J.: 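Okay, handing you the structure first.
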2 protein chains.
Amino acid sequence: METTSKTEPAVERVHAQLRSWLLDGTLSPGAMLSENDLSSRLAVSRTPVRGALRRLEAEGWLTIYPKRGALVRRLSFEEALAVADARQVLESAYVDAVSDEARAELCTRLDRMIDEEQDEARDGDYVKLVNRTIDFHRAFVEVGENPVLLQFYDHLRERQLVMTLQTPARVTGRWEEFTREHRNLVDLMRTGDRESFVTALRDHIVGTHGPVLGIRC
Amino acid sequence: METTSKTEPAVERVHAQLRSWLLDGTLSPGAMLSENDLSSRLAVSRTPVRGALRRLEAEGWLTIYPKRGALVRRLSFEEALAVADARQVLESAYVDAVSDEARAELCTRLDRMIDEEQDEARDGDYVKLVNRTIDFHRAFVEVGENPVLLQFYDHLRERQLVMTLQTPARVTGRWEEFTREHRNLVDLMRTGDRESFVTALRDHIVGTHGPVLGIRC
DNA sequence: AGAGTACATCTTGGATCCAAGAAGGGATGG
DNA sequence: CCATCCCTTCTTGGATCCAAGATGTACTCT
């Protein structure tokens, strides 16, 4: 039987720490990681660090060059486009492939989320606002109730997050526009008009991440 | 130990070997892996084995229970359904989201593949036939020219492959039907009728994978 | 002086050592 | 006779040791 272990292995802690450093920009793409440095900084030996690096490599965060070191992967322009396109595919996957009740339920939920978006935009709480928009887009995938796709989607968003961290904050005063586009997406979702939804979503994603992709890479 | 190729680290070889063992059924779901056993069998120390296990864990093949060992993951019924659904989402992603020329080109290519399917079905070359059908379905994703999605798709197929290896039942006499359904899919793709394509694809995948809830087609 | 080479140093990869914990078995008590 | 507890043994996780390769520098030869 599987019982929960009392003590968490060091490799888990190291992996979690490195992962959070990757997500908050402490370790940015192009950085070269030293096992010695990490092990001394985390007060463990090189063994758990190596295990964590292997995992992060398999997760697509790093590329390990034999005898040379671990490099934090930087997405190419083509890969960044592919990530955005993949997001678009997943978010529009269930527009016309889910029951009417589920779709109606989703739309009321989305409406609530947009209302909260507007409140937070008024309050100027940008951090919450960003999280809210992430949840908004994620909801289009959640409705499919497919944990495999959802996990992959989260992976895509993490990659995008790292890319945006690289660019100097440029999202400032377009919240009104975003909210309007979000409302439009919900309307199209409600009517089940897949064709229009796809094009609107593409414009929205390209309009949001396009500058990031174009300016910086 | 000293004559190992200097360009390829041992951990790479171990990882590749374990991966192939997972794909050919030598290591089947539910198996418990022993580091000592693997290291002696592969004539390396436990160190590269551990690294390979970490990578395989991150790739979703194993779950490592601390202080207990590595278990080859067995997909639950719900996960198997999710994988099949995810495949369906990806294969139908570009039915109406790609240029007419690309779609026409794809369809002629698919027609050729079905012709070769029939040839091989006549010859009774089932191994080639299975690979051909895999290529057939993959082509629907390839047309999107999205390496990120394609890699994910391959991952899904690998998981399905392992599941089919688990089931002793082999589908042998339904090739005519499969070919007919494939022709139908190409027709729907050619007209760009997404609605019908999705339902036909769902029936096809469920019809083939449902009975054993492993894979086939 | 410039280029090529040899060396010194640093880092990673593999092997080994040691400790902690989990599984199994046997003894003991109810 | 069965359940519980302890002890032995085995496996994994972490730390350390050693070797091989890569980098950078300084020296030498033309």
Side-chain angles (χ1 to χ4, degrees), chain A residues 1-19 21-22 26-74, chain B residues 1-19 21-22 26-74:
Chain A
M1 287 307 171
E2 43 189 81
T3 57
T4 58
S5 72
K6 304 182 244 323
T7 63
E8 198 188 29
V11 60
E12 295 292 333
R13 294 201 330 272
V14 173
H15 175 261
Q17 182 64 72
L18 292 180
R19 189 184 150 81
W21 280 346
L22 287 165
T26 304
L27 297 176
S28 33
M32 206 71 181
L33 305 186
S34 157
E35 292 181 2
N36 273 327
D37 180 43
L38 294 175
S39 62
S40 63
R41 192 178 307 198
L42 296 170
V44 291
S45 79
R46 280 175 50 215
T47 307
V49 172
R50 275 201 266 177
L53 291 182
R54 291 292 172 198
R55 280 184 54 173
L56 291 168
E57 180 198 23
E59 287 167 2
W61 291 108
L62 313 174
T63 49
I64 296 181
Y65 297 98
K67 288 283 186 186
R68 310 221 11 219
L71 180 77
V72 180
R73 245 166 78 80
R74 180 195 303 275
Chain B
M1 44 180 106
E2 64 282 339
T3 58
T4 56
S5 159
K6 61 179 184 173
T7 54
E8 201 184 31
V11 60
E12 295 293 334
R13 290 186 300 111
V14 173
H15 176 261
Q17 182 63 73
L18 292 181
R19 190 183 148 81
W21 279 346
L22 286 165
T26 304
L27 297 175
S28 30
M32 205 71 181
L33 305 186
S34 157
E35 292 181 3
N36 274 327
D37 180 43
L38 294 175
S39 62
S40 62
R41 192 179 308 196
L42 296 170
V44 291
S45 79
R46 281 176 49 214
T47 306
V49 172
R50 274 201 267 179
L53 292 182
R54 290 291 172 200
R55 280 183 53 173
L56 291 168
E57 180 198 22
E59 287 167 1
W61 291 108
L62 313 174
T63 51
I64 296 182
Y65 296 99
K67 288 286 185 183
R68 305 209 21 208
L71 180 77
V72 180
R73 246 167 76 80
R74 180 195 303 277

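Please read all numbers here as calculations on a predicted model, not as lab measurements. The sequence lines fix the lettering, A, B, ..., with proteins before strands; numbering per chain opens at 1.
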J.: Which pair of non-hydrogen atoms, one from B/Pro48 and one from B/Val11, has the smallest distance, and what is that distance?
T.: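 In terms of heavy atoms, the two residues are closest at O-CG2, 3.6 Å.
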J.: Sort me out a list of protein N/O and nucleotides 8-13 of chain D N/O pairs below 3.5 Å, or just none if empty.
T.:
from: D/dT12; atom 1: OP1; to: B/Leu33; atom 2: O; distance (Å): 3.4
from: D/dT12; atom 1: OP1; to: B/Glu35; atom 2: N; distance (Å): 3.1
from: D/dT12; atom 1: O2; to: B/Lys67; atom 2: NZ; distance (Å): 3.1
from: D/dG13; atom 1: OP2; to: B/Glu35; atom 2: OE2; distance (Å): 3.3
from: D/dG13; atom 1: N7; to: B/Arg46; atom 2: NH2; distance (Å): 3.0

J.: Please determine if A/Arg50 and A/Glu57 form a salt bridge, counting it only when a charged side-chain N lies under 4.0 Å from a carboxylate O.
T.: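 Here A/Arg50 does not pair with A/Glu57 in a salt bridge, since their nearest N and O are not under 4.0 Å apart.
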J.: Which value, rounded to the nearest 0.5 Å, describes the distance between B/Leu27 atom CG and B/Leu38 atom CG?
T.: 7.0 Å
J.: Give a yes/no on whether any side-chain N or O of B/Ser45 is located under 4.0 angstrom from OP1 or OP2 of C/dG14.
T.: no
J.: The criterion is side chain to side chain donor-acceptor pair (under 3.5 Å); which residues satisfy it with A/Thr26, sequence neighbours excluded?
T.: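 Side chain to side chain donor-acceptor pair (under 3.5 Å) list for A/Thr26, sorted by chain: A/Asp24.
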J.: So, for B/Arg55 and A/Arg54, which heavy atoms are closest and what is the spacing to 0.1 Å?
T.: CG-O, 3.5 Å
